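Each remark here refers to the structure printed beneath this line.
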Protein chains: 2
Amino acid sequence: MAGMVTNKACIVRLSRYKNALYRLKSLGFVKVFSDNLADAADVTPSQVRKDFSIFGVTGNKRGGYVIDDLIESLNRILGKNVTQNVIIIGAGHIGGALMNYQGFEKENIKILAAFDIDPAKRQSTGIPIYPLEELEPFIKNNKVRIGIVAVPDVAAPRVMEILVNNGVKGILNFAPIRLKGKDDTVISNVNLVMELENVIYFVNAQEKTSKGRG
Amino acid sequence: MAGMVTNKACIVRLSRYKNALYRLKSLGFVKVFSDNLADAADVTPSQVRKDFSIFGVTGNKRGGYVIDDLIESLNRILGKNVTQNVIIIGAGHIGGALMNYQGFEKENIKILAAFDIDPAKRQSTGIPIYPLEELEPFIKNNKVRIGIVAVPDVAAPRVMEILVNNGVKGILNFAPIRLKGKDDTVISNVNLVMELENVIYFVNAQEKTSKGRG
DNA sequence: TAGATTGTTAATCGATTAACAATC
DNA sequence: TAGATTGTTAATCGATTAACAATC
């Protein structure tokens with residue numbers, strides 16, 4: 001059945017296709033072939049057609065795909081036809097950066113509110129910042145399903161617990177610990193130090209290799 | 001030969017092992033078995049031994065691994081025995097958050113400086129912030145190899161060009177476009193909107209599935 | 001020694017790519 | 001129609017897991 005995909009890499013590619021399609025559209029294109037889109041998204045044409053096939057997204061044999069239709073289909077699959085409400089817990093540097101990040105709105109993601117234990121950080125920037133005690137009632141009253149955790153690592157498990165116990169189903173976690181939730185909780189850990197560590201490893205590895213060659 | 005690994009997932013796991021080992025060490029453990037470490041890092045014991053095998057990291061048959069030795073080995077593989085100098089381009093919200101992020105220092109990563117086109121953002125927070133014109137000479141004078149790109153997407157390709165042309169080999173990119181460098185440039189794209197989009201997709205997918213079941 | 005754990009090889013699994021029949 | 005592109009199936013590739021001989 002369509003929609004039963006658990007392969008994260010595939011979903012990441014759908015987002016990439018969507019972004020590439022917006023770009024192509026802004027350049028004046030109306031149609032694409034799997035070939036063009038593959039180029040734009042930096043994958044193989046087979047991959048494009050395979051991914052679409054998985055989700056039942058079809059084009060026209062010989063005629064390629066209509067960009068507007070494709071964007072529409074991808075947006076529907078990615079749940080972007082409905083505004084997604086999100087809260088941020090932790091209004092420190094990372095949380096603050098996310099509150100001020102301009103990229104969410106045009107992707108139909110709405111930051112409803114932020115929460116912080118420290119009253120000093122509770123200065124409004126358009127998005128209301130509430131004390132942590134209001135987190136639980138806020139989630140319940142607003143049926144929040146998605147949360148961004150940007151608190152220090154010692155605070156993360158406790159925050160996590162509050163979120164999960166009150167119905168939050170998806171968490172994007174910036175605390176440098178691996179959070180585990182219930183079975184039906186979707187958790188994505190973004191560890192900035194680890195990302196950098198990885199880049200450093202591959203740079204070093206490459207340097208060794210090229211020295212070995214030269 | 002050891003060290004010739006291009007599998008990103010494997011390197012990510014090495015970082016995870018390292019972090020798990022620090023945690024185990026702080027709990028008073030001196031040795032671990034692949035079994036324990038697998039538990040702590042949320043992988044299979046086979047995976048742990050296989051990963052170590054790839055890098056020639058060995059333990060004692062019957063006796064497991066000495067945590068201190070293991071940490072030492074992993075740090076060496078990940079290039080953490082040398083302080084890694086990094087610069088940040090773009091001192092906006094994301095760049096500013098990274099400048100103030102406390103996690104880098106204890107991982108032996110040093111943010112040397114930040115750069116921004118906007119003089120208004122150039123207020124020191126311990127890390128010097130320079131105008132963009134100084135980026136090129138700074139990279140050369142300090143032999144910078146790693147850069148974090150946190151500028152708006154329109155500015156990213158130009159910044160990228162300056163970095164690559166002056167010898168930067170690794171880039172962690174927060175601009176919401178896929179940067180491509182030369183063949184020997186390591187680029188890791190972190191797209192926050194896409195990360196959130198993914199979480200949203202999987203939450204929605206799960207909801208549909210459980211409704212279908214119930 | 002007997003028992004337990006490593007290190008490595010073989011088996012499995014899943015994802016990507018290639019191939020090609022269907023068809024516009 | 002002839003030619004080109006999709007949609008899907010089969011082949012390939014690579015990564016993970018299982019199994020087990022080596023050995024402490």
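Worth knowing before you read on, the calculation uses all heavy atoms, side chains too, and leaves out hydrogens, waters and symmetry mates. Just so it is clear, the model here is predicted, and its values are computed rather than measured. The chains referred to below are lettered A, B, ... by the order of the sequence lines, with proteins before strands, and numbering in each begins at 1.
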task: Represent DNA chain C in dot-bracket notation, 5' to 3'. Only Watson-Crick or G-U wobble pairs with both distances under 3.5 Å count; pseudoknot-style crossings use [ ] and interstrand partners use |.
output: ..||||||||||||||||||||||
Distance check needed: [N] [atom2] versus [X] [atom1], whole Å only.
X: B:K31; N: C:dA4; atom1: NZ; atom2: C1'; answer: 13 Å
X: A:F33; N: D:dT6; atom1: CZ; atom2: P; answer: 7 Å
X: A:L37; N: D:dT5; atom1: CG; atom2: C1'; answer: 14 Å
X: A:N60; N: D:dG7; atom1: CG; atom2: P; answer: 8 Å
X: A:L70; N: D:dT6; atom1: CG; atom2: P; answer: 11 Å

Return yes if some donor-acceptor pair links the side-chain N/O of [X] with the main-chain N/O of [Y] below 3.5 Å, else return no.
X: A:N142; Y: A:V144; value: no
X: A:E195; Y: B:S188; value: no
X: A:Q84; Y: A:K110; value: no
X: A:N166; Y: A:I139; value: no
X: A:R145; Y: A:V168; value: no

field: Footprint string (nucleotides 10-21 of chain D, 5' to 3'): B base within contact, S backbone only, - free, heavy atoms under 4.0 Å
entry: -----SBBBB--
- request: Could you tell me whether A:F52 contacts a base, only the sugar-phosphate backbone, or nothing, with contacts defined as non-hydrogen atoms closer than 4.0 Å?
  value: nothing
- prompt: Within the structure shown, what part of the strands sits under 4.0 Å from A:G63 by heavy-atom distance: base, sugar-phosphate, or nothing?
  reply: nothing
- request: Look at the side-chain N and O atoms of B:Y65 and state whether any lies under 4.0 Å from the OP1 or OP2 oxygen of D:dC24.
  value: no
Salt bridge check, [Y] against [X]: does any charged N sit closer than 4.0 Å to a carboxylate O?
X: A:K169; Y: B:E207; answer: no
X: B:K80; Y: A:E197; answer: yes
X: B:K18; Y: B:E107; answer: yes

Identify each donor-acceptor pair in which a side-chain atom of residues 25-33 of chain B lies under 3.5 Å from a protein atom, sequence neighbours left out, and give them as a table.
| unit_1 | atom_1 | unit_2 | atom_2 | d |
| --- | --- | --- | --- | --- |
| B:K25 | NZ | B:D68 | OD1 | 2.8 |
| B:S26 | OG | B:R23 | O | 2.7 |

